[in-house]
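For reference, the structure is listed below as structure tokens.
No hydrogens, no waters, no symmetry mates; every other heavy atom, side chains included, goes into these values. To find a chain, count down the sequence lines: A is the first, B the second, and so on, and within it residues start at 1.
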Protein chains: 2
Amino acid sequence: MSTAEETAGGETSAWGEVTPDAARRLLIAAVEAFAERGYHATTTRDIAGRAGMSPAALYIHYKTKEELLHRISRIGHEKALEILQTAARREGGPAERLADAVSSFVRWHAGGRTTARVVQYELDSLGPDARAEILALRRQCDAEVRGIIEDGVAAGDFDVLDVKGTTLAVLSLCIDVARWFNVDGPWTPDEVGSLYADLVLRMVGAK
Amino acid sequence: MSTAEETAGGETSAWGEVTPDAARRLLIAAVEAFAERGYHATTTRDIAGRAGMSPAALYIHYKTKEELLHRISRIGHEKALEILQTAARREGGPAERLADAVSSFVRWHAGGRTTARVVQYELDSLGPDARAEILALRRQCDAEVRGIIEDGVAAGDFDVLDVKGTTLAVLSLCIDVARWFNVDGPWTPDEVGSLYADLVLRMVGAK
DNA sequence: GCCGATACTGAGCGAGCGCTTAGCGGGACG
DNA sequence: CGTCCCGCTAAGCGCTCGCTCAGTATCGGC
């Protein structure tokens, strides 16, 4: 098992860059609420309540409810991209790099399911500008994975009919983990990561 | 290309069982609105407006907004289950049956993306009872696919490490098509169905 | 001890929500 | 022609939403 992402010490890690403390607590509260109920079904009163503050306190640190979602989405996507870049740029053959990328990416979606859910499924609730910014990050994620697969095909290590379609399917498979993964279920994030790395190597016809 | 589901003549087909006409128009309007904006962001005024009626008309045919989602969800899941059952029970070896199941299922998710989106992603907006009913249908879908994979393993046609996990991954891959598929994109539903059937046969190590 | 800045609260505004109700209009039947 | 029924509308009720703002407690600097 590799370490393309630091093993999270809990769902609330990785928000260290958010200051001051009250702003971070509000952001974490928003992630939990959005993941549980969805963006539109979450009230600003609920977010503030989870952070132990009055409804009005939210507006000292964030201009609107949507700004919270935007910040969460950007930080989350940057993290996802970083995970894929680290795996794509490590030493080793295409098969090792792809397996590392998939298992790391899946581990992040499973272990940080709360965050990943918001990041991957609440995109449509953003306004056009914020949405466009996030979509650019997604295209970069796509490019990282496609790069590994193209390397594998060029090296003769992979046997792929449709590189673009297979890339999309691989990412889709990983992302959907955030929808179904259950912490109380039969698998650990590591186990799903290993299983998925194996499945993806089969999908690309790795030798 | 097989015909495990009838080729849809448009997104609004398959609602023929809903009567009277006004109730069906409201249901179709609700599917479109829920798919575009999500359940919680859709207003009853919007649904009624799309159906060309006043807000109050909705409540003659449906008790609540949630009943609309429940009806859509049940009809959609029954359709999905029927598609998988038809493929699972046709003649042919496990590989053919699995390929048929995946391509039909994917075609339905891509071609009827509007409906599939609501069916697959708005489940959490249902109340506990309706939710439980729908989850039972989902378990039946899972069982159909797992059955084919188990047949393939028993016959020595497939090479699978973790049948349960692989089943989940296959279904997850198909379902996520509803999230990313775009009618204006580079693929037709048929093309995605074929690509995915190939990918899934690789995942199960079909000979 | 006083001042201003900072972080927060209590109360509440205007808007829009899901849903209800009184009543209207037109077809079926005598 | 009169009567009832029924699908539908106009109006609006009670409520909660995102968000605002005047006021308060706390703290560092002097």
Q: Measure from the side-chain N and O atoms of B:E66 to the backbone N and O of B:G127, and report whether any donor-acceptor pair falls under 3.5 Å.
A: yes

(Q) So that I can tick it off, tell me whether A:D124 and A:R131 are bridged by a salt bridge, with the cut-off set at under 4.0 angstrom between side-chain N and carboxylate O. (A) yes

**Q.** CZ-CZ distance between B:R113 and B:R179, expressed to the nearest 0.5 angstrom
**A.** 10.0 Å

Q) Is a side-chain N or O of A:R97 found less than 3.5 angstrom from the main chain of A:A88, in a donor-acceptor match? A) yes

Q: First locate atom OG of B:S73, then atom CD of B:E78, and finally report the distance between them rounded to the nearest 0.5 Å.
A: 10.5 Å

Q) Do NZ/NE/NH1/NH2 and the carboxylate oxygens of B:R138 and B:D142 come within less than 4.0 Å? A) no

Q) How bent is the helix from C:dG1-D:dC30 to C:dG30-D:dC1, comparing axes over its five end pairs at each side, to the nearest 10°? A) 0°

Q. To the nearest angstrom, how far is A:R25 atom CZ from C:dA7 atom C1'?
A. 11 Å

Q: Quick one, give me the B/S/- string for nucleotides 12-20 of chain C, reading 5' to 3', where B means a protein heavy atom under 4.0 Å from the base and S means that only happens at the primed atoms, P, OP1 or OP2.
A: B----BBBB

Q | Separation of D:dC8 C1' from B:I60 CD1 (nearest whole Å) | A | 5 Å

Q: Give me the residues of residues 122-134 of chain B where at least one heavy atom lies under 4.0 Å from an atom of DNA chain C, by number, or none.
A: none

(Q) With rounding to the nearest 0.5 angstrom, report the CD1 to CD distance, A:I149 to A:E144. (A) 12.0 Å

**Q.** C:dC8 OP1/OP2 closer than 4.0 Å to side-chain N/O of A:H61
**A.** yes

Q.
For A:Q140 and A:H77, which I'm curious about, is there any donor-acceptor pair between the side chains at under 3.5 Å?
A. no

Q. How far does OG of A:S172 sit from CG of B:L199, to the nearest 0.5 angstrom?
A. 10.5 Å

Q: Indicate yes or no for a side-chain donor-acceptor contact from A:T42 to the backbone of A:A33 under 3.5 Å, with no hydrogens or angles considered.
A: yes

